[in-house]
Amino acid sequence: MSEPYMVIGDLYNRIFAVQSSHVDLLVNYAVWNRIFEQLPIDYTLPDLEVLTF
Amino acid sequence: MKILLATYWLIPHVGGVWKYMTQIQQRLEAMGHQVDLLGNSPDYAKFHIINRGREISKEWIRPLVVTKLAREYAPLLHADPLIHYYEIDRYMLELSAACFGLDQYDIIHTQDIFAARSLARVKPAHVPLIAQVHGSVTGELHNHFRMNPQLGINEHSPAWKYFPSVESRGAASGNVTITSTQWQKNLLVRDFGIPEHRISVFQYGLDAQEFWHKAHMGTDVSRPPDKKVIICPARLSFVKGIDVLISALGILKSMRQQDWVCWIVGDGDKREELWNQTQALALQNDVVFFGERHDIPALLLQSDIFVHSCIQDNQPFSVMEAQFAGLPACVSNAGGLPEMVEHGVTGLVSPVKDPLTLAQHLNTLLGNDEYRRMLGQNAARWGQQHWSLDQMISRLLNEYTRVASGA
């Protein structure tokens with residue numbers, strides 16, 4: 001099996017409420033790109049509604 | 001219809017949720033529907049759609065999520081290790097579900113509050129979600145915190161407040177919320193603010209054909225010839241209240257001659273503690289720990305009395321199976337149990353954590369064969385009418401059709 005194509009995780013910063021840079025962190029492009037294109041546009045992490053009590 | 005049954009819990013699993021999911025899958029697929037089963041893997045390493053062989057390793061997701069949600073970026077998440085554990089795992093379920101693709105389904109039917117909240121956050125708007133609630137995670141965890149003060153978690157702690165927060169939002173995530181007992185419905189309305197009109201209540205069903213097939217396959221266990229058998233099939237966990245049963249058996253031993261034996265069938269984290277309790281009460285010749293077994297229907301047919309002395313439960317399959325087998329049930333009045341067992345008609349109901357009353361009930365049934373058999377016959381009759389799997393599937397399909405049509 002070929003090695004997965006890895007890209008910088010910062011590409012997917014949009015889904016995080018606080019956007020930070022970690023240039024050394026690489027992720028599997030095929031997996032994360034598929035996740036990213038399937039998520040609703042307003043999806044964010046963490047789930048602040050649940051965490052606010 | 002193409003249906004996704006989803007849970008945060010492990011699949012496969014020995015518990016009732018897995019049994020419920022596979023029952024629905026088998027019945028609906030026999031009717032021409034397509035049903036996928038999504039959940040955590042038994043080793044917690046991945047989320048998978050088990051019947052399709054599709055899986056997402058958590059290691060593909062976790063590094064980015066944990067790094068981007070470090071304490072300095074998401075302090076609320078780090079208020080307690082329990083919150084961090086459950087939320088990170090739940091986010092991995094969300095991202096895995098998105099990766100699998102949810103737009104292919106006509107209905108998503110979740111089986112717990114974590115899956116309900118998670119899938120509601122990532123599903124396409126046009127795909128309806130039915131949130132089934134089988135029990136109260138908050139109730140179980142709050143009991144656990146109360147019983148273990150050394151954990152230092154009380155009603156002011158973030159971990160205490162987290163579970164009702166996720167439970168209320170999870171249970172409200174669906175177009176409709178389904179539960180199997182009025183008790184659970186009342187809890188959802190009273191404690192979690194779910195509007196009454198959004199909750200449907202209908203009972204579980206049991207596959208009679210499968211039960212009798214397993215029952216007639218028999219078992220390698222034989223009942224002692226001169227003793228009656230009290231059986232308790234349950235996970236050996238705190239919430240099942242097995243310690244209450246063992247305390248009751250200690251009292252029972254002082255009430256009557258040794259004309260009984262108790263079979264405890266199941267395994268769990270309380271095994272050693274319960275075994276020690278049995279030794280301390282000198283019950284080692286009266287109580288048999290069988291561990292986990294797959295011949296429970298056959299064991300029930302060898303038994304005389306069924307016991308479920310739980311602290312909290314909704315509508316356990318074990319009671320339904322005991323009724324199919326024609327056993328009178330000695331149960332606590334926890335949760336939905338009084339909706340399953342009518343005191344003096346199909347069994348005897350005692351207060352939660354009341355070993356003396358339970359011992360008196362066992363003594364009554366052991367001492368009066370005619371009464372015990374009458375309750376057992378009533379239980380069998382009631383069980384056959386009440387736990388129809390066909391009826392449950394028909395009600396479920398009605399709900400699917402109703403929410404899919406936007407009604």
Strictly by modelled atom types, are Y73(B) and Q19(A) linked by a side-chain donor-acceptor pair under 3.5 Å?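 Note: Y73(B) and Q19(A) side chains miss the donor-acceptor criterion.
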For residues [X] and [Y], determine if any side-chain heavy atom of one lies less than 4.5 Å from a side-chain heavy atom of the other.
X      : Y      : value
V27(A) : W60(B) : no
Y43(A) : L95(B) : yes
E87(B) : L51(A) : yes
K68(B) : D10(A) : yes
H22(A) : L64(B) : no

Report which part of [X] has an atom under 4.5 Å of a heavy atom belonging to chain B: side chain, backbone, both, or neither.
X      : result
L26(A) : neither
N33(A) : neither
L25(A) : side chain
E49(A) : both

Does CD in E196(B) sit with more than 12 non-hydrogen atoms of other residues, nucleotides or ligands closer than 6.0 Å?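 At most 12 heavy atoms, drawn from other residues, nucleotides or ligands, come within 6.0 Å of this atom.
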Need one label for P158(B): side chain, backbone, both or neither, based on atoms under 4.5 Å from any heavy atom in chain A.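 Both backbone and side chain.
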Side chain / backbone / both / neither for R121(B) at chain A, heavy atoms under 4.5 Å: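 For R121(B), the contact with chain A is made by backbone and side chain together.
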Without swapping roles, check the side chain of S165(B) against the backbone of V50(A) for a donor-acceptor pair under 3.5 Å.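 Answer holds: yes.
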Atom of G101(B), atom of Q38(A) and distance for their closest heavy-atom approach: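 Closest approach of G101(B) to Q38(A), heavy atoms only: CA-OE1, 4.0 Å.
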So, taking the atom named SG in C99(B) and the one named CZ in F36(A), what distance separates them when rounded to the nearest 0.5 Å?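 So the SG of C99(B) and the CZ of F36(A) are separated by 13.5 Å.
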Starting at CD of E94(B), measure out to CG of L39(A) and round the result to the nearest 0.5 Å.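 E94(B) CD to L39(A) CG: 8.5 Å, rounded to 0.5 Å.
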Which one of I88(B), I61(B), V65(B), L102(B) has the most heavy-atom pairs closer than 4.5 Å to chain A?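 Most heavy-atom pairs under 4.5 Å with chain A: I61(B).
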Would you mind telling me which of L69(B), V166(B), D103(B) has the largest number of heavy-atom pairs within less than 4.5 Å of chain A?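 Most pairs with chain A among the choices: L69(B).
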Assess the residue pair D47(A) and R90(B) against the criterion (salt bridge (Lys or Arg N to Asp or Glu O under 4.0 Å)); give the C-alpha distance rounded to whole Å, side-chain angles, the decisive distance to 0.1 Å, and a yes or no. CA-CA 10 Å; D47(A) 183 349; R90(B) 198 169 67 74; 2.9 Å; yes
